[in-house]
Amino acid sequence: MANILHGVAERVGVYPGTFDPITLGHADIIRRGAKLVDRLIIGVTTNPSKNPLFTPEERMAMVTREVAAMGLDNVSVVGFNALLMKFAEKQGAGVILRGLRAVADFEYEYQMAGMNQQLNAGIETVFLMADVSLQPIASKLVKEIALFGGEIAKFVSPAVRADVMARIDKVGRMGDD
């Protein structure tokens, strides 16, 4: 199902993730990915193997706010709790956008891309390397640093930092001070 934009097939991409929380690395991939497609859909999903700090609704609101701050008019945020390829098909996407930080990411993402290709060979997976200065950033590590009282300002926007710190104040810090 091709979307039509001004008589030409619209290129739609999906950038899926849990975004718990959205980091500067995610923002970099969103900005760059938005240049590659006519419409980029940020798919905020659940992942049963991760221990989320924020609810799906909170993550949706956070990502929506961060995307609005970027001023990208071809990017929208949609929540989903389904198989990625089914979500991508429903959105009319021809591209799945994935960010890579390191070799370990590549191995996992390569396997996932292969499985997704078996489910729908008509949807391509495109990998974007994170900016070198942002490669070490991972949401899991941001949460861990914050939980143990470390500073996360280098890894997230000021608004996301405030969200994380407010949540940490509710759940409590860990470790010895």
Side-chain angles (χ1 to χ4, degrees), residues 3 12-34 37 39-101 105 108-109 111-113 115-116 119-120 123 125-128 130 134 137-148 150 152-153 155-174:
N3 293 320
V12 178
V14 168
Y15 177 36
T18 52
F19 304 101
D20 185 50
I22 183 171
T23 68
L24 296 179
H26 292 130
D28 176 58
I29 298 297
I30 292 168
R31 265 190 295 278
R32 293 169 46 220
V37 293
R39 190 163 52 98
L40 180 61
I41 298 157
I42 311 304
V44 180
T45 188
T46 57
N47 185 333
S49 68
K50 295 184 178 181
N51 186 20
L53 190 59
F54 296 97
T55 67
E57 297 77 21
E58 290 168 330
R59 290 184 281 118
M60 284 277 303
M62 201 181 306
V63 173
T64 299
R65 181 191 64 219
E66 295 298 305
V67 167
M70 291 182 224
L72 301 170
D73 59 2
N74 68 328
V75 178
S76 59
V77 180
V78 178
F80 76 103
N81 185 18
L83 192 61
L84 172 58
M85 296 311 278
K86 290 201 179 288
F87 174 72
E89 290 166 4
K90 185 177 176 183
Q91 300 302 315
V95 174
I96 303 294
L97 184 64
R98 300 297 293 168
L100 294 177
R101 293 179 306 240
D105 279 355
Y108 172 79
E109 293 294 347
Q111 181 179 22
M112 189 66 66
M115 294 296 286
N116 286 339
L119 295 173
N120 185 333
I123 299 177
T125 299
V126 175
F127 298 114
L128 282 181
L134 303 172
I137 302 173
S139 294
K140 178 182 176 185
L141 298 176
V142 168
K143 289 186 291 191
E144 190 173 310
I145 290 166
L147 280 166
F148 281 96
I152 60 171
F155 313 121
V156 296
S157 73
V160 171
R161 181 190 177 281
D163 292 339
V164 173
M165 299 319 293
R167 182 54 46 92
I168 298 299
D169 287 344
K170 284 185 182 178
V171 301
R173 296 202 192 304
M174 298 175 68

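Owing to the predicted nature of the structure, the values given are computational and were not obtained by experimental measurement.
Salt bridge Asp163/Arg65: present, at least one basic N to carboxylate O contact under 4.0 Å.
You'll find the side chain of Ile42 reaches within 4.5 Å of the side chain of Tyr15, heavy atoms only. Contact check for Leu147 versus Ile168: side-chain heavy atoms found under the 4.5 Å cut-off. Side-chain contact between Val75 and Met70 is absent, with no heavy-atom pair separated by less than 4.5 Å. Looking only at side-chain heavy atoms (C-beta outward), Val14 and Leu97 stay at 4.5 Å or farther from each other. At least one side-chain heavy atom of Arg167 sits under 4.5 Å from a side-chain heavy atom of Glu58.
In this structure, Ala113 and Phe127 approach most closely via the heavy-atom pair CB-CZ, 4.0 Å. Between Ala130 and Arg101, the shortest heavy-atom distance links the atoms CB-CG, 4.5 Å. Minimum interatomic distance between Val156 and Pro21 (heavy atoms only, all atoms of both residues): CG1-CG, 4.5 Å. The shortest non-hydrogen separation linking Phe80 to Pro16 is CZ-CB, 4.1 Å. Shown here for Val164 and Ala146, the closest heavy-atom pair between the two residues is CG1-CB, 3.7 Å. In this structure, Thr18 and Val44 approach most closely via the heavy-atom pair O-CG1, 4.0 Å.
Note that CG of Leu84 and CZ of Arg98 are 7.5 Å apart. Values are rounded to the nearest 0.5 Å. Distance check: Leu128 CG to Arg32 CZ gives 5.0 Å after rounding to the nearest 0.5 Å. Taking NZ of Lys143 as the start and CD1 of Ile145 as the end, the distance is 12.5 Å to the nearest 0.5 Å. Rounding to the nearest 0.5 Å places CG of Leu24 at 11.0 Å from CD1 of Ile30. Interatomic distance, CD of Glu144 versus NZ of Lys140, reported as 7.0 Å (0.5 Å rounding). Atom NE2 in His26 sits 11.0 Å away from atom CG in Leu134 (nearest 0.5 Å).
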Show your reasoning for whether side-chain contact (heavy atoms from CB on, under 4.5 Å) applies to Val142 and Phe155. CA-CA 7 Å; Val142 168; Phe155 313 121; 3.7 Å; yes
I'd like to know whether Asn116 forms a side-chain contact (heavy atoms from CB on, under 4.5 Å) with Ile123, so could you lay out the CA-CA distance, the side-chain angles of the two residues, the decisive distance to 0.1 Å, and finally the verdict. CA-CA 8 Å; Asn116 286 339; Ile123 299 177; over 6 Å; no
Is there a side-chain contact (heavy atoms from CB on, under 4.5 Å) between Val12 and Ile41 once you walk through the steps? CA-CA 8 Å; Val12 178; Ile41 298 157; 3.7 Å; yes
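Judged purely by atom type and a 3.5 angstrom limit, Gln91 has no side-chain atom pairing as donor or acceptor with the backbone of Ala88. The backbone N or O of Ile152 sits nowhere less than 3.5 Å from a side-chain atom of Arg161 that would complete a donor-acceptor pair. No donor-acceptor pair closer than 3.5 Å links the side chain of Asn81 to the backbone N or O of Thr45. Proximity of a side-chain donor or acceptor of Arg59 to a complementary backbone N or O of Thr46 within less than 3.5 Å is not detected.
Under the rule for a ring pair (Phe, Tyr, Trp, His ring centres under 6.0 Å), Phe54 has no partner lying at least two apart in sequence or in another chain. Evaluation of the side-chain contact (heavy atoms from CB on, under 4.5 Å) rule for Leu141 yields Ala138 as partners, not counting sequence neighbours. Remark: Val95 pairs with Val126 by the side-chain contact (heavy atoms from CB on, under 4.5 Å) rule, at least two apart or across chains.
Under the 3.5 Å distance criterion, with hydrogens and angles disregarded, no donor-acceptor pair is assigned to the side chains of Ser139 and Asp20.
The environment of CE in Met115 is sparse: at most 12 heavy-atom neighbours from other residues, nucleotides or ligands sit within 6.0 Å.
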